[in-house]
> 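Have a look at the structure that comes next, please.
Here the structure is a predicted model, which means the values were calculated and not measured. Note that these values count all heavy atoms, side chains included, but never hydrogens, waters or copies made by symmetry.
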Amino acid sequence: MKNVTVAITAASYSGNKGAAAMLQSSISQMYARYGDSLRVNLMSVYPESDQKQCPWDFVRIVSCTPKQLLFIAFPLAVLYRVTFWCPPLRALLLKNRILKAYKGTDLVVDEAGISFVDSRGFVMNTYAFVCAAVPLLMGTPVVKYSQALGTFKNRYNRFLARWILPKLRLICARGKITQKNLEEIGITKNVRLCADGAFSMPDNPDISMKVRDRCKADPFYTDNVVGLSLSSVVDGKCTKQGIDYRTCMAQFVDALTEEGYHVLLIANAARIESEKPRNNDLLVCDDVYGRVRDKEKVRWYHEEMDAEEIREYIFRCRYLVASRFHAMVGALEKEVPVLLIGWSHKYQEVLDYFELGAYSADYSDLSLDALREAFGAFTQAEDEIRGKLREHHDEVIAGSRSNIELISQILDEITSGDQEG
C-alpha cells in the first residue's frame, strides 16, 4: 500500500490533555485502518515536549509555534502561491520546514477543540484562520476534526470564517449548536455532525493497571470520591468578572469533605516545566490544594499525566465536577455523572447528546452557595443521570468514530487519485 501522509495541526501531547486525547483517538484509528503505511506530521506548538511524549514512531514532530506560523510560514505560503511562474523560487521557499511538511502531506486534519468564536478575540481567531490558510495556500486539502465553532456575530470573526471555512473539504461540527451557528452564516455543504473525537480514544492497558494499583494501595479511593477538574481558563475568566474562582473551589472542597466525600483534584491541562497558566492547570490546583482544611480527604498529584491516565482516575470517581471540557468528555465516556462549570456552548452541545444539558452552569454565575445548590440537585438526580449515560453511550461513541470514517473517505479519494495520476 502507498504511504498515506497526514498532517495534524492545532493539537499537541503536551499541555492540554484534551488535545492529547483527540490526537490519540485520531492517530490510533487511522493506524488501525492504514497500518504501517501511515505517516503523520504533527505540527506542534510544543515541539520539544511533544517529542518526549509522543508514543508513535511514525509521527514526525514539526515545530509550528504560533509565531513561526503567523509571521514566517503564512507570508512565505502567500509568496509560494503567487510565484507559480518561478519554480526555483518555490524550491527555495520549501526550505521552510512548515511549508515543506504541508507540501508533502496528502491531507491536513485541524484538531482545534474550538475555533472562530467571537469571545476568543482578534489574535486567536486570526490564528485559527492561519492554521487552515497555510496548508490551503500550499495546495493541500484541510478538514476539521470535531470541534465547536461560532458564534459569528463579530464582523472580523464572521469575515474570516465565511472566507476560509467553505474552502475546507470537511467540517465535523461537534454538536447541534455549532451546526446551527454555521448554518446562520451559510455554511452547510461541507458540514457533518460528529461527536467529539476524544470519546473514541482507546484505553491503554498499561496505564489502566498503573492507576488501578495506585488506587488499590490507597484507602482514600472509596465509592464516594468526587473528582474536581480545575481550569486556568475559567480561573482567568472569573478574575476578569471579579469572581474569586480559587477561593470558591477551595471552600467547595471543604464543604464536600465535611459531607463525607473524598475529593480528587484533576489537572486536565498541565505543563510540568512551565510557570505560565496557559494550557496549565497545575498552578490553580496547587493553590486550591494549599487552601483546603482536611488534606487527608483530598488527593492532588502534581504531575503531567497522559490523557488515558486522567480518564482512568475519573473512572474511579462517583461524580465529576468539571471546568475542563475534555475532563467532562472523559467522564461521559466512562459513564460517570458530571456537573459542569464552563464558559462556552461547547459544553452544552455535548451534554445535549446525553439529554443532560441542564447540568451545565456558566462561570459568570459562580458562587459557593450556587455551586452547593447545583451539586445537591445533581446528586439527587444520580439515578436518572446514570440511566441517560447508559442509554446514549453507544450512539455517541459511534458518532465520535464517524470523524475518522469521514476523513478516511476523503483521504482514500485523494491517495487513489494520486495513484491513478
Side-chain angles (χ1 to χ4, degrees), residues 10-22 45-46 49 66 111-128 131 147-151 154 157 174-175 177-178 196 198 227-250 252 265-272 274-289 300 302 304-305 307 310 314 320-331 338-351 360-367 371:
S12 62
Y13 281 102
S14 178
N16 190 325
K17 299 307 176 181
M22 289 192 291
V45 297
Y46 303 123
S49 298
E111 295 194 5
I114 183 168
S115 62
F116 296 104
V117 178
D118 292 333
S119 62
R120 302 201 90 192
F122 177 86
V123 173
M124 292 303 295
N125 288 326
T126 300
Y127 177 69
C131 279
Q147 58 192 257
L149 296 103
T151 57
N154 175 276
N157 182 40
R174 191 188 267 159
I177 299 175
T178 289
D196 187 81
L228 184 59
S229 161
L230 301 177
S231 167
S232 60
V233 175
V234 175
D235 179 46
K237 289 182 178 292
C238 282
T239 298
K240 290 180 181 179
Q241 293 278 340
I243 300 169
D244 192 340
Y245 174 78
R246 300 186 186 194
T247 296
C248 183
M249 292 298 102
F252 181 56
L265 300 183
I266 297 169
N268 204 67
R271 297 176 62 203
I272 197 71
S274 175
E275 293 299 320
K276 296 179 180 180
R278 179 165 177 76
N279 283 329
N280 192 4
D281 302 333
L282 296 173
L283 308 178
V284 178
C285 290
D286 282 343
D287 192 5
V288 170
Y289 180 70
W300 161 231
H302 185 100
E304 183 170 351
M305 297 182 180
I310 293 169
I314 291 172
L320 178 71
V321 179
S323 295
R324 277 287 181 183
F325 175 85
H326 277 103
M328 173 196 75
V329 169
V338 56
L339 177 66
L340 260 296
I341 307 163
W343 59 273
S344 162
H345 75 270
K346 67 179 186 175
Y347 300 90
Q348 176 86 38
E349 66 182 358
V350 172
L351 285 170
S360 175
D362 192 86
Y363 76 92
S364 60
D365 299 322
L366 181 65
S367 70
L371 183 55

> Ignoring hydrogens, what is the shortest heavy-atom contact between S232 and P277? Give both atom names and the distance.
OG-O, 2.9 Å

> Do I341 and V321 have side chains that approach each other closer than 4.5 Å (heavy atoms only, starting at C-beta)?
yes

> Give the intermediate values and the outcome of side-chain contact (heavy atoms from CB on, under 4.5 Å) for residues I114 and R120.
CA-CA 9 Å; I114 183 168; R120 302 201 90 192; 3.6 Å; yes

> Can you find a heavy atom in the side chain of Y127 that is under 4.5 Å from one in the side chain of V45?
yes

> Is the side chain of S115 donor-acceptor paired with the backbone N or O of L149 at a distance under 3.5 Å, no angle test?
no

> Got a second to check how far M328's CE is from S323's OG, nearest 0.5 Å?
11.5 Å

> Is there a donor-acceptor pair closer than 3.5 Å between any side-chain N or O of D286 and the backbone N or O of H302?
no

> Donor-acceptor check, side chain of R324 to backbone of G342, threshold 3.5 angstrom: yes or no?
no

> Between D118 and T151, does a side-chain hydrogen bond (donor to acceptor under 3.5 Å, both in side chains) hold up when you go through it step by step?
CA-CA 6 Å; D118 292 333; T151 57; 2.8 Å; yes

> Within the distance-only criterion (no hydrogens, no angle test), does the side chain of E111 pair as donor or acceptor with the backbone N or O of A10 below 3.5 angstrom?
no

> Heavy atoms only: give me the nearest A331-V338 pair and the separation to one decimal.
CB-CB, 4.0 Å

> Are any of the side-chain heavy atoms of Q241 and Y363 separated by less than 4.5 Å?
yes

> Can you name the closest pair of heavy atoms from I310 and A267 and give their distance?
CD1-O, 3.7 Å

> Quick one: does D244's side chain have a donor or acceptor within less than 3.5 Å of a partner on T239's backbone?
no

> State whether the side chain of N125 and the backbone N or O of G121 hold a donor-acceptor pair below 3.5 Å, judged by distance alone.
yes

> How long is the straight-line distance from CD1 of I314 back to CG of N268, given to the nearest 0.5 Å?
6.0 Å

> Look at the side chain of E304 and the backbone N and O of I272, then say whether any donor-acceptor pair between them is shorter than 3.5 Å.
yes

> Would you say L340 and F325 make side-chain contact, with heavy atoms under 4.5 Å?
no

> Let me confirm one number: the OG-CG distance from S12 to N279, rounded to the nearest 0.5 Å.
6.5 Å

> To check you understand the geometry: which heavy-atom pair defines the closest contact between T178 and A148, and what is its length?
OG1-CA, 3.3 Å

> Kindly determine whether S231 and D281 satisfy side-chain hydrogen bond (donor to acceptor under 3.5 Å, both in side chains), including the steps that lead there.
CA-CA 5 Å; S231 167; D281 302 333; 4.5 Å; no

> Say whether, by atom type as modelled, one donor and one acceptor occur between the side chain of R174 and the main chain of Y347 under 3.5 angstrom.
no

> How long is the gap from CG on L230 to SG on C285, to the nearest 0.5 Å?
4.5 Å

> Distance check, rounded to the nearest 0.5 Å: Y46 atom OH versus S274 atom OG?
7.5 Å

> Are C248 and L366 packed together at the side-chain level, in the sense that at least one heavy-atom pair is separated by less than 4.5 angstrom?
yes

> Is it the case that the side chain of K240 and the backbone of G236 share a donor-acceptor pair, with hydrogens and angles ignored and the cut-off at 3.5 Å?
no

> Write down the atom of W343, the atom of V233, and the distance for their closest heavy-atom approach.
NE1-CG1, 3.9 Å

> Can you measure from CD1 (I266) to CH2 (W300) and round to the nearest 0.5 angstrom?
9.5 Å

> Check whether any side-chain N or O of Q348 sits under 3.5 Å from a backbone N or O of S360 as a donor-acceptor pair, and report yes or no.
no

> How close do S14 and R271 get, heavy atom to heavy atom, and via which atoms?
OG-CG, 4.3 Å

> Quick one: do H326 and D196 satisfy side-chain hydrogen bond (donor to acceptor under 3.5 Å, both in side chains)? Show the steps, please.
CA-CA 9 Å; H326 277 103; D196 187 81; 2.9 Å; yes

